[in-house]
Every structure is written in C-alpha cells, then in structure tokens.
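Quick notes on the structure that follows.
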2 protein chains.
Amino acid sequence: MSFKSSPEYALLGILMTGPKHGYEIYGYFSSKMKQFWHLSMSQAYALLKRMEKNGILISKEEWQVNRPSKKIFSITQAGKERFLDWVHSPVKHVRDLRIEFMAKLFFIKELKLKGALDIIDKQIEVLQEKLHLIKSSKEKIIDEFQTALHSFKIAQMTSAIEWLKECKNYFSCKY
Amino acid sequence: MSFKSSPEYALLGILMTGPKHGYEIYGYFSSKMKQFWHLSMSQAYALLKRMEKNGILISKEEWQVNRPSKKIFSITQAGKERFLDWVHSPVKHVRDLRIEFMAKLFFIKELKLKGALDIIDKQIEVLQEKLHLIKSSKEKIIDEFQTALHSFKIAQMTSAIEWLKECKNYFSCKY
DNA sequence: AGAATCATGTAAGGGGTTACATGATTCG
DNA sequence: CGAATCATGTAACCCCTTACATGATTCT
C-alpha cells in the first residue's frame with residue numbers, strides 16, 4: 001500500500017498529464033526522465049498493474065484493428081492526492097536528492113505546478129537540521145576513519161544545501 | 001556468484017581478522033560498521049550460508065555444553081583474493097562513496113593494510129574523469145530543470161573530489 | 001529483407017524484509 | 001522475575017531483473 005521512492009510516483013506524475021497507455025507512458029518516461037531515474041519496460045507494466053490494484057489508477061481497454069488492444073490508464077482521485085502530497089514534501093536523506101527530489105522538481109516544472117520555491121526551502125530546512133545534528137554530535141571521532149566519515153557527511157550535506165540555494169534562482173521566475 | 005555492493009564484502013572483511021561464528025560476526029558488524037552500513041541479523045546468517053555455498057567461506061561446527069553449537073566460519077583463499085581485489089579498487093559512482101568506498105577505507109585501517117593513499121588517488125581519477133564528461137557534454141541544457149540537474153551532478157562530484165583530497169591528509173601518516 | 005516501432009505481457013530466478021521459533025544463562 | 005545476551009535459523013511475502021513470447025506495421 002505505501003511505496004517509498006519507487007518509480008510509482010514517476011508513473012503517477014506522467015498520468016497527471018492525462019490518460020495514457022503503458023507503451024505511451026514508457027515512451028514519455030524514456031524521453032524525459034531516463035537521465036535521472038531508471039525503469040525497465042516490463043517493470044513499468046508490472047507497476048501499472050499493481051497500482052491499479054491499489055486503487056490509484058484505473059484502466060479502460062481500447063480496441064484497435066490489426067493491433068493489440070491498448071489499455072488506457074487514468075489517475076484516480078486517490079492517486080492525485082497521493083501524488084500531490086508526495087510532490088510537495090521534502091525528502092529525508094541527502095541520498096534521495098539525486099532521484100526523488102529531482103523528480104519532484106521535474107514534475108513541478110512539467111505540470112506547471114506552484115510551490116517550487118516552497119519545497120526547495122523545506123528541503124533546505126530538513127538538511128540544515130541534519131547538518132546541525134551531525135556537527136553537534138561529537139561522539140567518538142577517535143581515529144582517521146571516523147574523521148573521514150564525519151567530514152564526508154558534512155561535505156555532502158553542505159554542498160547539497162548550497163546547490164538547493166542555487167536552485168532557488170533557477171526556479172524563481174516562474175514558480 | 002558475483003555480488004555488487006552487497007554486505008558480503010563487509011562479512012568477508014570481518015573474517016579477514018580471523019575465524020568467527022555468525023553471532024560474533026554480527027556483533028563486530030554492529031559495534032563498528034553500523035554507522036555507515038546496514039544489515040539485519042537474519043540477513044547476515046543467510047549471507048553467510050550463501051557465501052559458503054559460493055566457496056568464499058568454509059565452516060566448522062563447534063559443540064558446546066548447554067548451548068546451541070556454534071558454526072565457525074573461516075575465509076578461503078578464493079575469499080581472500082576476492083576481498084583484496086575489492087578493497088583496492090575504486091567505486092564507479094559518487095553514490096557508492098557513502099557506503100562502499102567508506103567500507104574500503106574502514107578495512108584498510110582495521111586490517112592495517114597498505115594502499116590507502118593509492119585507492120584514494122584512483123578514486124579521485126575516476127571521479128575527475130566523470131566530472132570532465134559531465135562538464136563537456138553540453139547536451140540539451142534547455143530549461144531550469146536541466147540546469148538544476150546539471151549543476152547538482154557537478155556539485156556532488158566536486159565536493160566528493162575535495163573530500164577525497166582532504167582524506168589523503170587523514171591517512172597520510174600511517175598508510 | 002531486416003530492423004525498428006507499436007503494444008502487451010508472463011515466467012523463472014534471485015534477493016531482501018519482517019516476523020516467528022527455540023532455549024539456556026546471566027544481569028539488575 | 002523479567003530483560004538482555006548468547007546462538008541459530010526458517011517461512012512467508014514482496015519486489016526487481018532478465019529473458020522470453022507474440023505479432024503486425026513501417027522504415028531503410
């Protein structure tokens with residue numbers, strides 16, 4: 001019922017642009033999202049099936065002459081709510097910026113939603129809080145390894161925050 | 001037969017310190033590696049079983065009075081070779097620094113191996129090459145999203161390289 | 001004629017997660 | 001007396017990956 005950072009949200013987001021069949025959804029995905037999110041075609045079909053079972057999608061069969069029939073998926077109300085919830089909430093870990101947070105920005109642009117600056121700010125807050133925790137926890141920095149680990153976390157976190165601040169400029173005009 | 005960044009290498013590395021039984025291995029893991037690598041106890045037992053089947057470990061049963069018998073695991077020659085190969089090679093992606101590369105540094109320290117500076121240098125090279133590729137590929141930076149994605153990749157890569165250079169100082173004395 | 005595109009999947013296999021099962025000893 | 005520690009696992013479930021299956025049309 002609850003999925004994490006799995007590609008379900010990508011598929012939901014694509015269907016926010018209107019009803020589409022599996023092949024079409026995958027085409028959209030490959031042309032626009034493959035750069036930062038991976039998904040195979042068979043997995044896409046499997047996910048769509050599961051998502052329909054979970055009630056966030058519904059499908060209609062559309063018959064064609066001389067072709068296999070298409071299964072047109074639409075997003076349900078429950079699906080829309082789920083998607084909008086997701087798209088406006090920050091991620092919990094730096095490691096989720098690369099795919100999940102990026103996807104949120106992508107859909108905000110693609111679907112012309114409001115709130116890009118808002119979610120970027122929320123994300124900065126989340127990471128800043130984590131950064132403070134890391135900096136203040138002076139537990140067992142006793143050897144070279146602990147030092148390296150500690151400075152890695154701070155470096156990743158800091159550069160992520162800097163990038164987010166930069167992002168605000170990119171998105172400040174339209175969103 | 002071939003495992004990627006799975007916790008198998010953590011278990012192999014722990015057994016490089018000498019034969020141990022499952023519970024003991026997991027104790028070592030929890031006390032020293034949990035900070036940066038996650039593994040559950042049942043998964044540890046499952047992995048040890050599989051690794052024995054793959055010929056990188058062997059086990060001996062040791063009987064005890066009034067206690068369940070212990071299964072003592074030792075690393076085989078094939079296992080040692082596999083581990084040393086792994087520990088001295090850089091990872092392919094920035095995202096693998098946090099767990100996998102960190103684990104390599106951890107074991108180099110823990111097992112008092114040579115070559116910390118060597119692997120750090122190799123890792124810097126790998127990432128620098130990727131950075132050049134990203135910077136030179138001027139493909140379709142057409143909207144705010146592409147700009148954000150591009151600058152994220154450069155930021156993560158750059159801060160990783162800076163951190164690696166800093167790491168060389170931490171490890172320069174003894175290794 | 002062969003490759004790519006359209007369009008849908010299933011099957012087998014592998015791996016991880018969570019919960020459960022067992023049972024003695026030792027510590028507070 | 002209950003909790004933690006010692007010590008080992010199994011079973012059910014879910015998910016993903018890879019390969020395979022089908023078959024017409026359109027492009028080169």
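Computed from a predicted structure; not experimentally measured. We name chains A, B, ... by the order of the sequence lines, and we start the count at 1 in each one.
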At less than 4.0 Å, is any side-chain N or O atom of Tyr23(B) found next to OP1 or OP2 of dT8(D)? Yes or no. no

Is it the case that over 12 heavy atoms from other parts of the model lie below 6.0 angstrom from the NZ atom of Lys122(A)? yes

Specify the separation, in whole Å, of atom CD of Glu52(A) and atom C1' of dG9(C). 14 Å

Any Lys49(B) side-chain N or O less than 4.0 Å from OP1/OP2 of dT8(D): no

Glu24(B) atom CD is separated from dT5(D) atom P, nearest whole Å, by 16 Å

Nearest to the Ser6(B) side chain among dT17(D), dG9(C), dG16(C), which nucleotide is it? dG16(C)

To the nearest Å, how far apart are His21(A) NE2 and dC6(C) C1'? 8 Å

Closest to the Gln43(B) side chain: dT18(D), dT10(D), dG16(C)? dG16(C)

Is the phosphate of dT8(C) approached by Tyr45(A) (side-chain N or O, under 4.0 Å from OP1 or OP2)? yes

Do the side-chain N and O atoms of Trp163(A) and Gln156(B) include a donor-acceptor pair separated by under 3.5 angstrom? no

Grab the CE-C1' distance between Met41(B) and dT22(C) for me, whole Å please. 13 Å

Rounded to whole Å, how long is the line connecting atom OH of Tyr26(B) with atom C1' of dT8(D)? 14 Å

Could you tell me how far apart Lys70(B) (NZ) and dA7(D) (P) are, to the nearest whole angstrom? 5 Å

Taking OP1 and OP2 of dG9(D), is either one under 4.0 Å from a side-chain nitrogen or oxygen of Arg50(B)? no

Expressed in angstrom and rounded to an integer, what is the separation of Lys53(A) atom NZ from dC13(D) atom P? 13 Å

Would you say the rings of Phe36(B) and Phe145(A) are close, in the sense that their centroids are separated by under 6.0 Å? yes

Whole-Å distance, Leu11(B) CG to dG16(C) P, equals 11 Å

So, taking the atom named CD1 in Ile124(B) and the one named CD1 in Ile119(B), what distance separates them when rounded to the nearest 0.5 Å? 11.0 Å

Are the charged groups of Glu144(B) and Lys109(A) less than 4.0 angstrom apart, N to O? no

